[in-house]
Amino acid sequence: MKPLFSLKSSLSLFFLLSITSLSLQASTNRDAQQLISFKASLPNPVTKVFQNWVSNQNPCDFSGVSCKATRVSSIDLSFAHCNTDFHLVSTYLLTLDSLETLSLKNTNLSGTILLPAGSKCSPVLSSLDLSQNSISGPLSDISNLGSCTSLKYLNLSSNQLVISGKQSGGGLKLSFLEVLDLSFNKISGANVVPWILYNGCDELKQLVLKENKVTGDINVSKCKNLEFLDVSSNNFSLSVPSFGDCLSLEYLDISANNFSGEIWRAISGCEHLTFLNLSSNSFSGPVPVLSASNLKYLLLAGNRFQGEIPLNLAGSSCPSLVKLDLSSNQLSGTIPSSFSSCSSLESFDISSNSFSGELPIQTLLKLSSLKELVLSFNFFTGALPESLSNLTTVETLDLSSNNLSGPIPANLCQDPRNSLKELFLQNNLLTGFIPETLSNCSHLVSLHLSFNYLTGTIPSSLGSLSKLKDLKLWLNQLHGEIPQELGNIQTLENLILDFNDLTGTIPSSLSNCTNLNWISLSNNHLSGEIPSWIGQLPILAILKLSNNSFYGRIPPELGDCRSLIWLDLNTNYLNGSIPPALFKQSGKIAVNFIAGKRYVYIKNDGSKECHGAGNLLEFAGIRREQLNRISTRNPCNFTRVYGGHTQPTFNNNGSMMFLDISYNMLSGSIPKEIGSMSYIYVLNLGHNNLSGAIPTEVGDLRGLNILDLSNNRLEGLIPSSMGSLSLLSEVDLSNNHLTGMIPEMGQLETFPPSKFMNNSGLCGLPLPKCVSGSGSSADSQHQKSRRRPASVAGSIAMGLLFSLFCIFGLVIVAIEMRKRKKKKDSTLDVYIDSRSHSGTANTSWRLTGAREALSINLATFEKPLRKLTFADLLEATNGFHNDSLIDSADFGDNNLVGWVKQHAKLKISDVFDPELMKEDPNVEIELLQHLRVACACLDDRPWRRPTMIQVMAMFKEIQAGSGMDTQSTIATDDGGFGTVEMVEMSIQEVPELTKQ
C-alpha cells in the first residue's frame, strides 16, 4: 500500500505544479497581451523602447519592463514620448494585476485622470510617476485613483492641473499616500491645502506644491509624520503658517511667498530640520534661532529681519551647517566670533545688508571648509587684509559694493593651494596698481575690479590666466595699451574696459579669443582702424567702441558676426561709406548664450556735448546710486537709466537691435539693405556726411523706437513708407536738405517741428503747410486727393474723437496719480505688451502690474503710460472706425470734465489728491500741463480745440521738457546726480512685426 500512496502523492503534486504553471503562463500571457495592446494603441509605436514589444516575446524581456516571478511588476517608460491619452494608460497599464511601480515621466501624456468604468487599479501598485506631461483637468480628479489602495507615491508635477470652481467637499480621497508632488501645475485658490488634508494625513511624509498660485491657509499640525514640505513660489500671504510640533519635519521650504510677521515661534520646535528655506517673504523681527542640531541649510534671504546676527545662531547647529544665506535683509553690526566653530560651512552670504566695520578676517580664517564668501553691498571699511591669502579653500570671494580702500594685496594667491575662481572687488575705493601677481590665481574664471580708482597699466601677466572668462576693469584710471598677452586667454568671453585712459590699438592677438561675446572699450583714447578680424568672432553679440579715436572705414566683415545685436561706434573718426555687407547677418542671428547678464542702459539727453543714443554698461555688483561716478568721466546728463538682464533668445532668425554710428565722418548714401534689420530698435546715423535719399526700406523697420538721421546732407523726399512706423518714440531728421511734404496720416506728424528744422524744402505738419506746388510728388498728390472728399460731418466726428482721446489722457493722469501714491517706493508700473505693435484692430492690449520689465522692443526709453504710440491709437479706435465715435452729448458739464472746469475756476489744486501733492510737490507741474491739454481739447468753442496731431505734439513736448519721469536722474551742483531710480528693462526680441 505504501508505494501506491507515494504514487498518488506524486501524481497530485505533478498536477498541482502543472496547474500552477499553466496559471502562471496564462497570467504572463495576459500581461503580454495588455502591453501589446497598449503599444498598438499608440499613434507612433515605432519608438526605440517599443521595438522588442512583440507577441512572441516574454514580457519580462520588454524594454522598460521588470518582473517578479514571471509577472510584470515594474514599468519605466520615462522620456519615451508615447504621445497618448491617460485613458489608455489606465486601461492597459494600471490594471496589470501585479504592477507595483509605473513611471511615465515626460512621455507626452495628455487627457484627464480617469479610470474606465468597472476597471480597477492594480491592488499592489505603490508608486506612480506621471510628472512632466500635459495631464489636465481639475485637482479633484486625483481622487479617481482611490481604487489604487496600495498607492504610496504619486508624482503629478509639471502638468496642467487646475482648480475648477469649488472642489468637492469630501477632500482628496487618497489619505493613504506617503508622497504627493503637485509642483509646477496651474493650481490656485485658497482652500487647496485644507482640501488635500481633509481626510487625514497620518501617512503623509512628503507634500510638494511648489510653483503654483495657491493662497489661503497652511496648517499641517495634524500631519505627525510629515518629513518634507515644499510650498515655495506660491501666493500664500498669511502672517505665519502653522506646523504644529513638527517633530518629524526635516525639510521645510516656504520661500517666495508673501508670509509676514515673526516666524521663530512657528519653527522653534522643529528640532530635526536639515533644510530650512524662508527666503523671499516679508518675515520681520530678529533672525530666528533654532535648536536643530543637524541643520545643514539655513536660507533666510530677502526678508525684513532686523538687528544683529544672534550670538547663538551658530549654536548647536553650527558644526553641521553647510550653507547660510542672510542676504537682502536689514541686518547690521558685525559677524559674531562664535561663527568660527562652523567648521562645515561652505557657503556664507550676508550681502545686501548694513554690516559695517573692518572685515572679520580672524573669524573667517577659522571656517576651514569655506568655498563661497559673499559680503557684497554692505558698508565694510578698511584695507583688504594680507591674510586673505590664507583662505585657500575659497572659490568665490565677493566683496563688491563696500567702502574698502587701499591696494589689492599682492600676495592674494601666493599659496599654491589657492582655489580662487571668482574675485569680485568692484565698486569700492581701491587704489594703486593691479598686482602682476594675480596671475598666480591660476583657477580664476571671473575678475571684476571695475568702479574703483586703480591706476597704472593692465598687467600683461593676466594673459597666463588660461581659465579666465570675464575680465571687467571699467571705470578706473588705467592707462597704457591693452596687452597683447590677453590674446592667450582663449576662454575669454567678456572684455569690459570702458571709461579708462587706455591708448593704442585693439590687439590683433584678441582674434584668438573666439569665445568673446561682449567687447566694450568705449570712452578711452584708443586709435587705429577697427580690425576686420572682429567679423570672425562667431559669438560676438555686443561691440562697443564709442568715444575713442578710431579712424578708417567700418569693416564690412562685421556683417559676418552671426551673433551681433549691439554695435556702437559713435564719436570716432570713421570715414567712407556704410558697407551694405554690414547687414548681411540679418535674419541669421542666434544669441541665447548671453542671457542673464546684468547691465544698465543710460539714455543720453541729446545735449550738444552728449553724443550717441546712450550707453550700455555691464553693471553686476555695483550700487545704482553710484552712477554719479560716471558723470565725472562723461559730459552727458542722463535722461533715463534702465537696469535689467540680457534675455535675447534669437534662434538663427534675429538681426541687430542697436546700431549707433553717429558723430563720425561717414559719407555716401544709406544702403537699402538697412531695411533688413527687422528687430532694430535704435538706429542713429546722425552727425555724419551722408547724402542721397532716405531709402524707402527704412519704412520696413516696423519695430523702430529711435531714429536719428540729423545733421547729414540727405536730400529728396521723406519716403511715404516711413508713415507706417508706428512705434517711434523719437525721430530727428533736422539739418539736412530734405524737400517735399512730410508723410501724412502717420506718426511723423506728431513730433515737434524742431525735429524737421533746417530742411529748406520740407513742409507739412508739424511744419507750416505746403504752398501750392510744394510736395509735388505723385505720392503726396495721391495722399491729398484721398483727403479732399472728407465731409464736414466727418471732420466734426473726428474732432469729437480727438476730444474723447483727451478725456482718456486725463483719466490716465488720474490713474497714474493714484498709482504713484500706492507705489511710491517701487518702480511697479503698467506696460503695454509688445503684441500691440501692429496697430491692427484684431490685437489686444495686455496690461500687467509686474515690475516694469520694459523690453527694449516697445517702450524702450519711455515710461509706458507716457508713451502712447500711433499704433496704440489705431488699435484703441479700431482704425478710427465710425463705431468708435461718441455723440457730442457726452461732453456736457454734468461729468468729470464739468467738475474739473468748475474747480479750475476756483482753485485748480483742489482737483489733485492733496496727499499725493505732499509726497511729491513737483508732480503738480506735470499734472497741470496734462490738464491744460485736456481742457484745451474740451474748449466750448470747437474751432479752438486742437487737432489730434497737435495733441500728440503737445504730449511729446511735455514729455521731452519736463523731466517728469520718476526714473529720470536729477543733476546736482557738482555735476553729479541725485537719487537714481532704475526702471527694469529686458534686452530681448519680439516676434517680427507683420509687414503691411
Side-chain angles (χ1 to χ4, degrees), residues 395-397 408 410-426 433-450 454-474 476 478-498 500-522 524-545 548 550 555 557-558 560-561 563-564 593-594 597 618:
E395 298 178 358
T396 297
L397 178 60
I408 299 172
N411 67 338
L412 189 60
C413 291
Q414 67 176 6
D415 193 319
R417 297 172 300 168
N418 80 84
S419 307
L420 197 60
K421 295 181 179 179
E422 296 176 315
L423 179 60
F424 302 123
L425 301 177
Q426 67 269 29
F433 296 166
I434 299 175
E436 292 268 357
T437 52
L438 283 183
S439 60
N440 293 330
C441 306
S442 56
H443 302 290
L444 210 57
V445 174
S446 293
L447 177 61
H448 201 336
L449 307 178
S450 304
L454 299 171
T455 56
T457 61
I458 300 174
S460 58
S461 61
L462 297 183
S464 64
L465 297 174
S466 59
K467 299 178 181 180
L468 195 67
K469 293 184 178 180
D470 304 313
L471 180 58
K472 304 172 184 179
L473 308 175
W474 70 280
N476 279 288
L478 302 172
H479 64 267
E481 298 188 357
I482 301 173
Q484 286 281 351
E485 287 80 1
L486 295 185
N488 298 329
I489 313 174
Q490 297 187 16
T491 55
L492 195 62
E493 296 180 1
N494 300 292
L495 180 62
I496 316 291
L497 306 176
D498 311 82
N500 280 288
D501 296 311
L502 301 173
T503 56
T505 61
I506 299 176
S508 59
S509 61
L510 289 180
S511 61
N512 299 323
C513 303
T514 54
N515 289 309
L516 278 167
N517 57 58
W518 190 331
I519 299 177
S520 198
L521 310 177
S522 66
N524 280 287
H525 306 293
L526 298 170
S527 58
E529 296 188 354
I530 297 175
S532 59
W533 54 257
I534 292 180
Q536 301 171 12
L537 299 177
I539 58 175
L540 182 65
I542 299 172
L543 177 62
K544 289 178 64 263
L545 304 178
N548 280 289
F550 292 110
E557 289 83 0
L558 292 182
D560 294 326
C561 289
S563 303
L564 192 62
F593 48 82
I594 69 163
K597 296 184 184 297
E618 190 279 335

Side-chain donor/acceptor of Asn500 to backbone N/O of Leu478, under 3.5 Å: yes
What I'd like to find out is whether the side chain of Leu502 reaches to under 4.5 Å of the side chain of Leu521, using heavy atoms alone. no
Please identify each residue that fulfils side-chain hydrogen bond (donor to acceptor under 3.5 Å, both in side chains) with Ser508, with sequence neighbours left out. none
Go through the structure and list residues passing side chain to side chain contact (heavy atoms under 4.5 Å, CB included) with Thr455, not counting sequence neighbours. Phe433, Gln477
If you define the side chain from C-beta out and look only at heavy atoms, does anything of Leu454 sit under 4.5 Å from Leu449? yes
Does some side-chain heavy atom of Lys472 sit less than 4.5 Å from a side-chain heavy atom of Gln426? no
Once side-chain hydrogen bond (donor to acceptor under 3.5 Å, both in side chains) is applied, do any residues pair with Ser460, and if so which ones, sequence neighbours excluded? none
With distance as the sole test, does Thr491 use its side chain to make a donor-acceptor pair with the main-chain N or O of Leu468 at under 3.5 Å? yes
Counting C-beta onward and ignoring hydrogens, is there a side-chain heavy-atom pair between Leu497 and Ile482 closer than 4.5 Å? yes
Quick one: does Ser520's side chain have a donor or acceptor within less than 3.5 Å of a partner on Ile496's backbone? no
Gap between atom CG of Leu526 and atom CD of Glu481 - 0.5 Å precision: 9.0 Å
Mind checking side chain to side chain contact (heavy atoms under 4.5 Å, CB included) for Asp501 and listing every partner two or more places apart, or none if nothing turns up? His479, His525, Arg633
Set of side chain to side chain contact (heavy atoms under 4.5 Å, CB included) partners for Thr437, sequence neighbours left out: Ala410, Pro435, Asn440
Can you tell me which residue pairs pass the side chain to side chain donor-acceptor pair (under 3.5 Å) test with a partner in residues 527-539, sequence neighbours excluded? none
Here the gap from Ser442 atom OG to Lys467 atom NZ, rounded to the nearest 0.5 Å, amounts to 6.5 Å
Distance (rounded to the nearest 0.5 Å) between Ile519 CD1 and Ile542 CD1: 11.0 Å
Does some side-chain heavy atom of Thr514 sit less than 4.5 Å from a side-chain heavy atom of Pro538? yes
Heavy-atom closest pair, residues Gly535 and Cys561: CA-SG, 3.6 Å
Checking Asp415 now: which residues fulfil side-chain hydrogen bond (donor to acceptor under 3.5 Å, both in side chains) with it, not counting sequence neighbours? Arg417
Atom pair CG (Leu495) and CD1 (Ile506), whose distance is rounded to the nearest 0.5 Å: 9.5 Å
Taking all non-hydrogen atoms of both residues into account, name the closest pair between Cys413 and Leu420 and its distance. SG-CD2, 4.1 Å
Which heavy atom of Thr505 sits nearest a heavy atom of Gly528, and at what distance? CG2-CA, 4.1 Å
Please name all residues satisfying side chain to side chain contact (heavy atoms under 4.5 Å, CB included) with Asn515, sequence neighbours left out, ordered by chain then number. Glu493, Ile539
Asn512 (side chain) donor-acceptor with Leu510 (main chain) under 3.5 angstrom: no
Enter the distance from Leu516:CG to Leu471:CG here, rounded to the nearest 0.5 Å. 10.5 Å
Who pairs with Glu436 by side-chain hydrogen bond (donor to acceptor under 3.5 Å, both in side chains), at least two apart in sequence or on another chain? Ser461
Do Leu537 and Leu543 make a side-chain contact, defined as non-hydrogen atoms from C-beta onward lying under 4.5 Å apart? no
If we ignore hydrogens and angles and just use 3.5 Å, is the side chain of Asn418 paired with the main-chain N or O of Cys441 as donor and acceptor? no
Looking at side-chain heavy atoms only, is the closest gap between Thr503 and Asn524 below 4.5 Å? no
Using side-chain heavy atoms (C-beta onward) and a distance below 4.5 Å, is Glu618 in contact with Asn494? no
State the CG-CG distance between Leu423 and Leu412, to the nearest 0.5 angstrom. 6.0 Å
